[in-house]
Amino acid sequence: VFISQILTHRRDVSKPRQRKQLFEKGGHSHCAPLLIDVKNLFKIYHEGEESEVRALDGVSLSVDRGEFLAIIGQSGSGKSTLMNILGCLDIPTYGDYHLDGVDVTELSDRQLAHIRNKQIGFIFQQYNLIQNLTVLENVELPLIYQGVPSAERKRRVREALDRVALGKRRSHRPTELSGGQQQRVGIARAMAVKPDVIFFDEPTSALDPELVGGVLSVMKKLAEDGVTMIVVTHEMKFAREAASKVIFMDGGVIVEEGDPETVFTHPKEARTRKFLRRILDHEDIPEDREGIPEVRAAVKSIPSVSAMPGFM
């Protein structure tokens, strides 16, 4: 996916008129629009058939610049489907999605590829690094295809690797790095492009437990620096500590939305309380409102990010 995106972008460079029209559709005005504005989003498979599946069923949300949105929920709740649409990897069946003022549902495949390459960074479960390239070359590659001058490329790569504490590993190849270090290279590669928003799709799910803390600490620092991020995660303590907003999804809808403290310690919906009770493995937590103090205690009992193995 990564290589196809950057190759598509290279073909688009020869079409400045199309790029100009794309940005003219955007909202780069004195009154900047929300970075992400989604209204009544549906993703329906086999619509009208007995096997119809509503992966998204009327989702609305907004994300502004500098926000860190954590999306939580069980498998099959619609988290990854929403992530793919927000990241312009898929299109909705119905609904409106504006990215920085641009109605992306009306764009061509090439225009979507341009947005993915210039405005969006992706961190997947797998690292998607090119094994025969060094760390430096992996981070530099998308900048080459974007036509960034050599001196600027080197500066951006050096800065990005320093931010993820891998400056001394720039000459290593992916096979010489741990899984956590490879994931941090992926974060550096995304950061070097200077995107408007970075999407993380369960970035620690493929890591050994002792390597999780290093990746989460880097993400936490990015959040503190005001980098706009959206993450699908099962790391509840991390979501509570680092996110500025949390949404809980179930059955293709947003069941609960709010600041982390509210969602985790004062959940309003029974489905949210049930999920937290199950995910935190505290089966003694009741599902009624009287159970909220126990939910609070369960969340607080998880070690903080700084106490996790691999934290730097």
Side-chain angles (χ1 to χ4, degrees), residues 34-47 52-64 67-99 104-105 120 122-125 197-205 219 223 228-281 285 287 291-292 295 298-299 302:
L34 289 166
L35 182 58
I36 290 175
D37 189 17
V38 169
K39 290 183 173 63
N40 213 26
L41 212 62
F42 290 82
K43 184 64 179 181
I44 306 173
Y45 298 98
H46 309 292
E47 185 177 13
E52 177 178 298
V53 174
R54 296 195 168 208
L56 295 179
D57 197 8
V59 169
S60 298
L61 65 90
S62 63
V63 179
D64 213 343
E67 281 195 315
F68 181 8
L69 171 65
I71 306 174
I72 62 174
Q74 63 186 358
S75 298
S77 61
K79 305 185 307 295
S80 293
T81 302
L82 178 60
M83 176 79 80
N84 288 339
I85 291 176
L86 295 181
C88 297
L89 292 173
D90 198 1
I91 58 174
T93 308
Y94 307 108
D96 297 320
Y97 172 26
H98 286 79
L99 175 63
V104 298
T105 62
I120 293 174
F122 289 99
I123 309 297
F124 299 100
Q125 295 177 24
V197 57
I198 302 179
F199 293 91
F200 297 80
D201 187 6
E202 298 188 26
T204 61
S205 64
M219 295 173 62
T228 307
M229 296 187 289
I230 298 177
V231 57
V232 169
T233 184
H234 291 292
E235 303 287 348
M236 297 296 107
K237 187 70 173 182
F238 170 71
R240 184 185 178 193
E241 288 184 350
S244 55
K245 180 163 63 177
V246 175
I247 64 173
F248 166 61
M249 295 190 67
D250 188 36
V253 302
I254 295 177
V255 176
E256 191 129 11
E257 176 179 359
D259 65 86
E261 198 66 20
T262 299
V263 172
F264 283 108
T265 65
H266 302 283
K268 299 176 182 178
E269 302 297 328
R271 279 190 284 178
T272 310
R273 295 194 294 275
K274 183 178 180 180
F275 168 77
L276 290 173
R277 184 170 59 95
R278 183 174 60 253
I279 201 72
L280 298 173
D281 197 26
I285 299 176
E287 298 178 24
I292 292 178
V295 174
V299 175
I302 307 174

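- Nearest heavy-atom pair across V263 and G258 is CG2-N, 3.6 Å.
- Shown here are the salt bridge (Lys or Arg N to Asp or Glu O under 4.0 Å) partners of D57, two or more places apart in sequence or in another chain: R54.
- A donor-acceptor pair under 3.5 Å is absent between the side-chain atoms of E52 and the main chain of I44, judged by distance alone.
- Counting all heavy atoms, side chain and backbone alike, I279 lies closest to M236 at CG2-CG, 4.0 Å.
- Looking at heavy atoms from C-beta onward, F238 lies out of side-chain contact with T204 at the 4.5 angstrom threshold.
- Using a 4.5 Å heavy-atom threshold, the side chains of L41 and L82 count as touching.
- Looking at F200 and T233, their side chains never come closer than 4.5 Å, going by heavy atoms from C-beta outward.
- No hydrogens or angles considered: nothing links the side chains of T93 and E47 as a donor-acceptor pair under 3.5 Å.
- Using a 4.5 Å heavy-atom cutoff, the side chains of K43 and V59 are not in contact.
- Aromatic ring orientation, Y94 versus F42: perpendicular (interplanar angle above 60°, classes split at 30° and 60°).
- For the pair L35/L99, a side-chain contact is recorded, criterion being any heavy-atom separation below 4.5 Å from C-beta on.
- For the residue pair A239 and A70, the shortest heavy atom distance occurs at CB-CB, 3.9 Å.
- Counting heavy atoms from C-beta on, the side chains of F275 and E269 never come closer than 4.5 Å.
- Listed by first and then second residue, the salt bridge (Lys or Arg N to Asp or Glu O under 4.0 Å) pairs that reach into residues 243-254 are E67-K245, K245-E257, D250-R271, sequence neighbours excluded.
- Here the closest heavy-atom approach between residue L56 and residue M249 is recorded as CD2-CE, 3.8 Å.
- No side-chain heavy atom of I36 sits less than 4.5 Å from a side-chain heavy atom of T228.
- Among all heavy-atom pairs drawn from T81 and A55, the shortest one is OG1-CB, 3.8 Å.
- The shortest distance between side-chain heavy atoms of I85 and V38 does not fall below 4.5 Å.
- The structure places CG of L69 at 8.5 Å from CG of L86, a figure rounded to the nearest 0.5 Å.
- In plain terms, the two heavy atoms of L276 and P267 that are nearest each other are CD1-CG, 4.3 Å.
- The salt bridge (Lys or Arg N to Asp or Glu O under 4.0 Å) pairs that include a residue from residues 71-88 number zero, where partners must be two or more places apart or lie in different chains.
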